[in-house]
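First up is the structure itself, then whatever we jot down about it.
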Amino acid sequence: MMTFPEVELRSKKGAAFVLAIVFAAIGLSWLLFRGGGEPAPDPELDMPHDYAYGTATSSNGMVLHYLRTRPSNLTLEAIHTNVLLSPFYGINGGFFYNDSLLSLAVVDDRPVNGAAGVYGSGGENVKYARGTLVWDGQEDRLSVQVVRSASELKVSDRSHYWAQGGISMSLNREGQWAEQAAAENAPYPDEDRLRSAAVYDRDGNVYLIVSASLGSLAEFREAIVETVAPGALANGIFLDGDGSSQLRSREAKLRGDSRPIVQMLRILK
């Protein structure tokens with residue numbers, strides 16, 4: 001038969017065990033609440049901030065998204081994926097076929113997609129002399145040069161520049177722009193497609209522009225002239241279009257038709 005002391009001892013042990021379970025449950029609940037209550041890390045926090053975002057709808061109905069920054073805050077990057085799947089902010093670059101670049105894309109005299117002299121590396125505008133946006137880092141000066149290969153580019157220091165090939169927009173030659181674009185074999189100028197471009201103003205700011213609506217080359221150009229720094233633009237180039245028109249920033253994400261591209265204009269910081 002169980003004596004009274006034994007009953008008391010077992011009762012105390014049982015109560016301690018119950019209390020231990022209660023405190024463990026409280027601790028676990030607190031940990032779960034604390035873990036669930038903290039916001040997940042923001043993957044955008046460490047992304048570039050030194051740019052301005054804008055969007056506009058022109059009178060012809062084209063919807064534009066653009067990123068404004070300094071040319072020193074840009075570089076060209078081979079990514080071989082959709083811009084939204086890359087770890088960078090910026091927009092698509094020039095023309096390509098499969099994994100080969102058909103547009104010139106050079107940083108400090110080095111093609112971004114392979115060795116110099118190799119087809120598709122970015123060392124030339126394949127087949128045609130085309131409008132190429134050039135930043136001369138030594139002079140901090142932008143220009144559009146119509147060239148076939150990187151060796152033709154005119155810069156102060158060949159170890160401090162970048163050059164992005166495309167199609168001349170000829171913002172400084174209003175009456176001749178369409179003729180020049182045709183001479184550079186601009187693809188599908190009259191079809192309604194997504195469009196992209198890189199232009200600069202008289203203060204030396206670069207605007208990376210992607211449309212979120214379809215339009216012809218002329219309509220896209222009109223929309224840019226009307227809505228992006230009206231009256232202040234100096235010149236620029238059309239970039240690849242259609243499903244390749246892609247933009248990633250904190251404020252907007254445009255994936256085109258989700259296709260991978262070869263190369264992009266990347267914002268550094």
Side-chain angles (χ1 to χ4, degrees), residues 47-52 66-79 86 88-96 101-118 120-126 128-173 177 180 184 196-209 224 228-229 231-240 249 262-269:
M47 298 299 282
H49 288 77
D50 194 9
Y51 70 91
Y66 58 87
L67 310 175
R68 186 190 73 219
T69 192
R70 299 298 297 179
S72 57
N73 194 33
L74 290 173
T75 192
L76 313 185
E77 195 85 39
I79 59 171
S86 78
F88 308 123
Y89 278 178
I91 72 168
N92 61 283
F95 303 103
F96 64 94
L101 271 178
L102 305 181
S103 291
L104 192 151
V106 172
V107 177
D108 300 339
D109 235 22
R110 295 189 298 271
V112 302
N113 195 47
V118 175
S121 65
E124 64 175 341
N125 290 312
V126 175
Y128 310 99
R130 281 175 158 168
T132 301
L133 180 61
V134 182
W135 175 61
D136 185 325
Q138 180 70 27
E139 301 291 334
D140 193 20
R141 184 178 63 238
L142 290 155
S143 63
V144 173
Q145 302 179 28
V146 180
V147 299
R148 173 78 182 271
S149 72
S151 62
E152 302 171 48
L153 294 169
K154 294 178 174 60
V155 292
S156 303
D157 182 353
R158 302 202 74 86
S159 67
H160 190 28
Y161 79 98
W162 54 254
Q164 173 66 68
I167 302 289
S168 296
M169 192 175 287
S170 304
L171 293 175
N172 55 347
R173 299 172 59 207
W177 81 267
Q180 182 62 38
E184 296 177 17
S196 65
V199 305
Y200 62 95
D201 64 24
R202 295 186 183 92
D203 292 325
N205 299 301
V206 178
Y207 300 77
L208 307 178
I209 309 167
I224 290 172
V228 179
L233 295 182
N235 211 345
I237 59 171
F238 299 107
L239 296 168
D240 197 3
S249 73
V262 172
Q263 174 257 322
M264 70 180 289
L265 283 146
R266 170 194 169 193
I267 295 177
L268 291 170
K269 61 183 182 178

Handout entry: Check: Tyr207 and Thr69 side chains under 4.5 Å, non-hydrogen atoms
Key = no
Handout entry: Chi angles and distances behind the side chain to side chain contact (heavy atoms under 4.5 Å, CB included) call for Leu153, Leu104
Key = CA-CA 11 Å; Leu153 294 169; Leu104 192 151; 4.3 Å; yes
Handout entry: side chain to side chain contact (heavy atoms under 4.5 Å, CB included) evaluation trace for Leu133 with Trp162
Key = CA-CA 8 Å; Leu133 180 61; Trp162 54 254; 4.0 Å; yes
Problem - Any donor-acceptor pair under 3.5 Å from Ser196 side chain to Asp240 backbone - result: yes
Practice task
Spell out, as yes or no, whether a donor-acceptor pair under 3.5 Å connects the side chain of Ser121 to the backbone of Ala115.
Solution key: yes
Problem - Side chain to side chain, Val144 and Tyr200, heavy atoms closer than 4.5 Å - result: yes
Handout entry: Min side-chain heavy-atom separation Leu74-Ile267 under 4.5 Å
Key = yes
Problem - Pairwise distance CG(Asp108) to OH(Tyr161) - rounded to 0.5 angstrom - result: 8.0 Å
Handout entry: Side-chain touch Ile91/Met264, heavy atoms, less than 4.5 angstrom
Key = no
Handout entry: Spacing of Ser86 atom OG and Arg266 atom CZ [to the nearest 0.5 Å]
Key = 9.0 Å
Problem - Least distance between heavy atoms, Gly165 atom then Asn125 atom - result: CA-OD1, 3.7 Å
Problem - For Ile237 against Met169, the heavy-atom pair lying closest together - result: O-CE, 3.8 Å
Practice task
Kindly compute the distance separating CG (Leu233) from CG (Asn205), expressed to the nearest 0.5 Å.
Solution key: 10.0 Å
Exercise for the section: Return the minimal non-hydrogen interatomic distance between Ala116 and Pro111, and the atom names on each side. Expected result: CA-CG, 3.8 Å
Problem - Within-4.5 Å side-chain heavy-atom neighbours: Val106 and Leu76 - result: no
Problem - Non-hydrogen atoms of Leu208 and Ala198 that approach each other most closely - result: CD2-CB, 4.1 Å
Exercise for the section: State whether the side chain of Thr132 and the backbone N or O of Arg130 hold a donor-acceptor pair below 3.5 Å, judged by distance alone. Expected result: yes
Fill in the blank from the handout: To the nearest 0.5 Å, atom CD1 of Ile79 lies from atom CZ of Phe88 at 8.0 Å
Practice task
Would you please say whether a donor-acceptor pair under 3.5 Å links the side chains of Ser168 and Ser170?
Solution key: no
Handout entry: Donor on one side chain, acceptor on other, Asn73 and Tyr51, under 3.5 Å
Key = no
Problem - Residue pairs involving residues 151-165 (criterion salt bridge (Lys or Arg N to Asp or Glu O under 4.0 Å); sequence neighbours excluded) - result: Asp109-Arg158
Problem - Minimal non-hydrogen separation, Ser72 against Leu268, with atom names - result: O-CD1, 3.9 Å
Handout entry: Lys/Arg N to Asp/Glu carboxylate O, Asp50 vs Lys269, below 4.0 Å
Key = no
Practice task
Could you tell me which non-hydrogen atom of Asn113 sits nearest to which non-hydrogen atom of Leu101, and how far apart they are?
Solution key: CB-CD1, 3.8 Å
Practice task
With sequence neighbours left out, write down each residue that passes salt bridge (charged side-chain N to carboxylate O under 4.0 Å, His left out) with Arg202, or none if nothing qualifies.
Solution key: none
Exercise for the section: Kindly indicate, with the supporting measurements, whether the criterion side chain to side chain contact (heavy atoms under 4.5 Å, CB included) is fulfilled by Leu265 and Gln164. Expected result: CA-CA 8 Å; Leu265 283 146; Gln164 173 66 68; 3.8 Å; yes
Practice task
Would you give the length of the straight line joining atom CG of Asn235 to atom CG of Asp201, rounded to the nearest 0.5 angstrom?
Solution key: 12.0 Å
